[in-house]
2 protein chains.
Amino acid sequence: MLELSAGLESAHSLPIPFADEPYNHLKTFGEIMSSQSLRRLDAGQHLFHQGDSDRNIYKIESGLVRLYRVLSDGRRQIISLRFAGDILGFESAAMRDCSAEAVTSVRLRSLDQTSAYRRLRDEPALAPELVSLLSQELENARGQIAVLNRRSAIEKLSAFILELHRRQGESDSVEIPLSRSDIADFLGLTIETVSRNLTKLRTRRIIQLPQIHRLLILDLDGLEALAAGECENW
Amino acid sequence: MLELSAGLESAHSLPIPFADEPYNHLKTFGEIMSSQSLRRLDAGQHLFHQGDSDRNIYKIESGLVRLYRVLSDGRRQIISLRFAGDILGFESAAMRDCSAEAVTSVRLRSLDQTSAYRRLRDEPALAPELVSLLSQELENARGQIAVLNRRSAIEKLSAFILELHRRQGESDSVEIPLSRSDIADFLGLTIETVSRNLTKLRTRRIIQLPQIHRLLILDLDGLEALAAGECENW
DNA sequence: CGAACCATTGACCATGATCAATGATTGTGG
DNA sequence: CCACAATCATTGATCATGGTCAATGGTTCG
């Protein structure tokens, strides 16, 4: 089994049964993941690095994780942001194709793929959920491709804010747990362009920026129009 | 798919979760697909459309398929190109998140997902291959994200040519089964920029263009240097 | 042969990158 | 607790890349 931090949470986690035992009490992967012991990472710590042979599946209980690649010229491309509730790392490959790093402090659970496959063998009905998890990541990546290409900075940024808004329960007050540099590397822009366009949104009364990592949406419709590229005269 | 995949080729190998079990007698997913009946599509015909509830898995025996989305402003983004030998459409979702269209005439086989899952229930050992197939599409999409962002037109185009080169068995003569418009929509450029940069490659003696859909690589090293962004003075 | 479509080339322009300076925020040691 | 350094964010000036508009050339197919 894994060497996970033996916090008080692990006292509540289920013992790992023998492979031949039935798992009737655990019907979904989500439940199986939730029964694993909790681990804690500080901001900046890595779950795994690009090229690692790490074979774990992770479920984020709280916090934010970025998946990124470093290009040959040294620039960083953030491939995906993973929020609380997301599962990541299910892809089967000899090596990790990107690095995973905690953006904020993160609580997560992990399960090694071998155990996952063993459970799948015993409970084939889990397969559709497994496929669904990977499909969601694929859909996520494809959406990112569509956003990155041929969209203006203001469209990218508006769409990004709306995504944060959505993932934080539609509250008008949106927390931005990322630095400007993270946003830039995610959207394929520079920090200057991110900053300039945030200012633009601010002066047009679309948003307010009470704190650097906190944002207030003043005009949701306007923001959505911008994200959809419906505003020409900007 | 394009750029970083070179160092991650081995990442596509199948995991072997139960090393103690005899694996050899088990059918692979590829074999199951190959036993399905052959279908033929002309260029321009669709396998499925974005929004369809189609639930088939496809294996391309010959030809080229493009997966694309149409953005809200009407522009097309090609998400992925699928070549002979590739399997596609495994993602589980209520609706297709993109359209799949034959670029050339295509021979393919299909299998509905329900049958696939039934197959998987009988042979749970197929699961790793299934996961691997989806993982490859995910890796592909992530590579595309890395290429699209913050790379110059000449880098994108060089990487694209090298990818075609690689997928066609490293021959110096590369067939380009796509129109300039397809290349543009795939790389996130305009047809004019594609054309101009092809001309640039031609005048610098990196390639020749004997026919519109045929290309000859004269200087492979130079092309690779360009794809890696190692040339400043262009 | 002409029509339709695709590709190439040119002129011009807009968006966002780069370079540079200043402000704001955070962290550290005296 | 303050002072200083370091990091991060904002703003400005300039420039280059690639998009847009437009004209021409080439290919294919009836």
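Just so it is clear: chains get the letters A, B, ... in the order the sequence lines come, proteins before strands, and each one is counted from 1.
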Quiz item: Once each nucleotide of nucleotides 24-30 of chain D is scored for protein heavy atoms under 4.0 Å, what B/S/- sequence comes out, 5' to 3'?
Solution: -------
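- A salt bridge does not link A:Asp86 to A:Lys59: none of the charged nitrogens lies less than 4.0 Å from a carboxylate oxygen.
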Self-check item: Worked verdict on B:Thr190 versus B:Thr193 for side chain to side chain donor-acceptor pair (under 3.5 Å)
Solution: CA-CA 5 Å; B:Thr190 59; B:Thr193 300; 3.0 Å; yes
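- Within a heavy-atom distance below 4.0 Å of DNA chain C, the residues of residues 190-199 of chain A found are A:Thr190, A:Glu192, A:Thr193, A:Arg196.
- Going from atom CZ of B:Arg180 over to atom P of C:dC6 covers 12 Å, rounded to whole Å.
- Nucleotide C:dT15 holds its C1' atom 16 Å from the CZ atom of B:Arg150, rounded to whole Å.
- For the pair A:Ile145/B:Leu148, a side-chain contact is recorded, criterion being any heavy-atom separation below 4.5 Å from C-beta on.
- By the 4.5 Å heavy-atom criterion applied to side chains, A:Glu61 and A:Leu108 are not counted as neighbours.
- Between B:Leu64 and B:Leu178, some side-chain heavy-atom pair lies under the 4.5 Å cut-off.
- Regarding B:Leu189, its CG atom lies at a distance of 15 Å from the P atom of C:dA7, rounded to whole Å.
- One finds no salt bridge joining B:Asp112 and B:Arg55 here, because no Lys/Arg side-chain nitrogen approaches an Asp/Glu carboxylate oxygen to under 4.0 Å.
- Between B:Arg151 atom CZ and C:dA17 atom C1' there is a gap of 16 Å when expressed in whole angstrom units.
- Look at CZ on B:Arg75: it is 10 Å from C1' on D:dG19, rounded to the nearest Å.
- Between A:Ser152 and B:Leu209, it is B:Leu209 whose nearest contact on DNA chain C lies nearer the 5' terminus.
- Atoms CD1 (A:Ile154) and P (C:dT15) sit 11 Å apart, rounded to a whole Å.
- The phosphate of C:dT9 has OP1 or OP2 within less than 4.0 Å of a side-chain N or O from B:Arg202.
- Inter-residue side-chain proximity for A:Phe186 and B:Asn149 is flagged as unmet; no heavy-atom pair is nearer than 4.5 Å.
- If you take CG of B:Asp73 and P of D:dG19, they are 14 Å apart, rounded to a whole angstrom.
- By the 4.5 Å heavy-atom criterion applied to side chains, B:Ser173 and B:Leu215 are not counted as neighbours.
- Checking each of B:Arg69, B:Arg76, B:Arg180 against B:Asp185 for a salt bridge (charged side-chain N to carboxylate O under 4.0 Å, His left out) leaves exactly one that passes, namely B:Arg76.
- Nearest nucleotide to the B:Ala153 side chain, out of D:dG18, D:dT10, C:dT8: D:dG18.
- Distance CD (B:Gln211) to P (C:dA7): 14 Å, rounded to an integer number of Å.
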